[in-house]
Amino acid sequence: MSTGLLLHPLTLHVPPPTSTSNGPPQPFSTAGNHHRHILSLSETCTSMSQLKQLHAFTLRTTFPDETATLFLYGRILQLSSFFFDVSYAFRVFDSIHQESHSSFMWNTLIRACAHDVSRKEEALLLYRKMLGRGKSAPDKHTFPFVLKACAYIFGLSEGKQVHCHVVKHGLSGDVYVNNGLIHLYGSCGCLDLAQKVFNDMPERSLVSWNSMVDALVRAGEYDSALELFRQMQRSFEPDGYTMQSVLSACAGLGSLSLGTWAHAFLLRRCDFDVAMDVLIKNSLIEMYCKCGSLKMGEQVFKGMRKRDLASWNAMILGLATHGRADEALGCFDRMVGKEENVKPNSVTFVAVLTACNHRGMVKKGRQYFDMMVRDYAIKPALEHYGCIIDLAARAGYITEAIDMVTSMPMKPDAVIWRSLLDACCKKGASVQLSEEIATRLIETREDNQSSSGAYVLLSRVYASASRWNDVGIVRKLMTEHGIRKEPGCSSIEINGISHEFFAGDTSHPQTKQIYEHLKVIDDKLRSVGYLPDCSQAPLVDSNNDGSKEYSLRLHSERLAIAFGLISLPPRTPIRVFKNLRVCSDCHEVTKLISKVFNTEIIVRDRVRFHHFKDGSCSCSDYW
DNA sequence: CTAGGGTTAG
């Protein structure tokens, strides 16, 4: 046989066989310590084809003892998963006698599955098999992989069982295992369990802290996440993973001052490789856009040497949510154009459709929806239908929107019913239709939006039809079901201090001034020809005292803008965050106010509200 | 005798 099978560069690293230091290598069947050579070859193996040659040698070689053979097979398994050839690993594993499967082999295979997106379930299956065979017990290496697989499929009940096994095997003190548990509970939304594991750990690493910070961010506990970040710095230097979570927390709070601080922090302290750098920059774009600084978001985006799909998605979405639909669509064109040639995914189209939605561009929205299906073969998800249905309904094409709901292949969720009902309410659809939709919305049992939920919207429908009896019934139902109407809410951040405004709210210390200024704004708007559109904003009896006002007048973001115009020096950009979705008319009004008062005003939606205990939060409180 | 943990947009 020829050893020419093993090609350069592998052959370069073969230690000379002791028996034949000169001349051609001997056939492997005779020499007693050839297995050592194969073993050392396995250390320099650089590709799957080399590994296969090695495997072939192994099959032809007689090994001095069983242990040595199994050790080598373990290596081969390890290498095939290192080269991402999991099916080869499976074949090797299956070729080994069941009795001889070692913990190492099981672990290697489970790990290979846990790292492969399409094999997460297989990882759990293997683990179950491993337990069932009873030959090799799981150890501290097994659990982190199994837990990762559980986390990925959100298998909370499976994960809890694995947690029991961890305890049973006396591994509840292992730092790797515990990190896996934190990650699992964090991804499944069990914050208290994640916290408990974290608290009870005898030893913590940087990964433990990062996983816990991440769990808090996922749960929307941004404040606590930042507090933990502060604590962790007493023992660890943050890395890229940490900063990614910290940036998400800042984005979630909508706090530009915190976000800017985090940006400065990472410029000063952190050093990443290129892959991490792209990830961090993407988080920066998202953070700046969510905090209302589209300018900084764009700056980061433009300054990137390398961009990936997520960078484009973040930028398009940022432009879209700021109502800059044309630029968002332009960005999309550039992305798919010849020069950049990045293939969009389903998230890209959510961003593109959001751009159309925020500007009420019905036709364009439909075009992009069709383009997604036709040109990119992307199957529309619920979110895409949500965008396009909302778009149609808001523009008054309620029948068409309902047709889309009935023809789409999946079950509509509460968001879709709500946007239909909202449109019915604003466009004065028939009471019967509105009632039907409200019923469906309530049936989903997901309707927990107190300010624009089924009951509130339905009572508005009855009110605009002057069916006061029914309004009373709905009100009573709301009380019985314990649903409290919460007013719309906006916030504005000034010098690191956040101020909140509720529609109709009078609790701010400068209320009198704010309302006076609101009147100034409205008068100015009227003087340039703007009149609140009654069909968009029906008369509502929001105070339940017979005093009807345009709901537009009560919009909380207008209070916030009024406050901004009073307390900021002229021409300072004003950033307002709204808890409800910003719609096209809101962008219009804001644009008009910006023009009339010569100030840049940015309104951003869907930022989670951060309730400061003392009503304020400054940068220095945190760091 | 081998080894291991944490990222992604609505």
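Quick note: numbers below take in every heavy atom, side chains included, and nothing from hydrogens, waters or symmetry partners. Because the structure is predicted, anything quoted here is derived from the model rather than measured. Per chain, numbering begins at 1; letters A, B, ... match sequence-line order.
Among residues two or more places apart in sequence or in another chain, the salt bridge (charged side-chain N to carboxylate O under 4.0 Å, His left out) test is passed with Arg334(A) by none. Partners of Thr67(A) by side-chain hydrogen bond (donor to acceptor under 3.5 Å, both in side chains), not counting sequence neighbours, listed by chain and number: Asp65(A). With sequence neighbours left out, the side-chain hydrogen bond (donor to acceptor under 3.5 Å, both in side chains) criterion links Lys196(A) to Asp200(A).
Taking atom CD1 of residue Ile316(A) and atom C1' of nucleotide dT8(B), one finds them 15 Å apart after rounding to whole Å. Rounded to whole Å, the distance from CZ on Arg307(A) to C1' on dT8(B) is 18 Å. In this structure, OH of Tyr152(A) is placed 10 Å from P of dT8(B), rounded to the nearest angstrom. Across the protein-nucleic acid pair, Phe301(A) atom CZ and dA9(B) atom C1' stand 14 Å apart, rounded to whole Å. Between the CG atom of Leu284(A) and the P atom of dT8(B) there is a distance of 16 Å, given to the nearest Å. In this structure, Tyr385(A) atom OH and dG10(B) atom C1' are separated by 17 Å, rounded to whole Å. In this structure, Ile285(A) places its CD1 atom 13 Å from P of dG10(B), rounding to the nearest Å. Per the geometry, CZ belonging to Phe349(A) stands 17 Å off P belonging to dG10(B), to the nearest Å.
Nucleic acid contact for Asp308(A): none, since no nucleic acid atom lies under 4.0 Å from a heavy atom of the residue. Residue contacts shown for Ser205(A) include a base, since a base heavy atom lies under 4.0 Å away. Note on Ala314(A): nothing from the nucleic acid sits closer than 4.0 angstrom, heavy atoms only. Asn178(A) comes within contact range of no nucleotide atom at all, as no heavy-atom separation falls under 4.0 Å. Using a 4.0 Å heavy-atom criterion, one finds that Arg218(A) contacts the sugar-phosphate atoms exclusively. Looking at heavy-atom distances under 4.0 Å, Asn313(A) makes contact with a base. Among the protein residues, Leu279(A) comes within range of the nucleic acid bases, having at least one heavy atom under 4.0 Å from a base atom. Across all strands shown, Glu383(A) has heavy atoms under 4.0 Å from base atoms, whether or not it also approaches the sugar-phosphate.
The salt bridge (Lys or Arg N to Asp or Glu O under 4.0 Å) contacts involving residues 89-106 of chain A comprise Glu99(A)-Lys135(A), where partners must be two or more places apart or lie in separate chains. For residues 172-185 of chain A, the set of pairs meeting the salt bridge (Lys or Arg N to Asp or Glu O under 4.0 Å) definition, not counting sequence neighbours, is empty.
If you check the side chains of Ser245(A) and Ser248(A), you find no donor sitting under 3.5 Å from an acceptor.
Under a 3.5 Å cut-off, the side chain of Arg119(A) and the backbone N or O of Ala114(A) do not form any donor-acceptor pair.
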Provide a list of protein-nucleic acid N or O atom pairs under 3.5 angstrom, restricted to nucleotides 1-4 of chain B.
| residue | atom | partner | partner atom | Å |
| --- | --- | --- | --- | --- |
| dA3(B) | N1 | Asn107(A) | ND2 | 3.3 |
| dG4(B) | N2 | Lys140(A) | O | 2.7 |
| dG4(B) | N2 | Asp174(A) | OD2 | 3.0 |

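Taking side-chain N and O atoms only, Lys290(A) has a distance below 4.0 Å to OP1 or OP2 of dG10(B).
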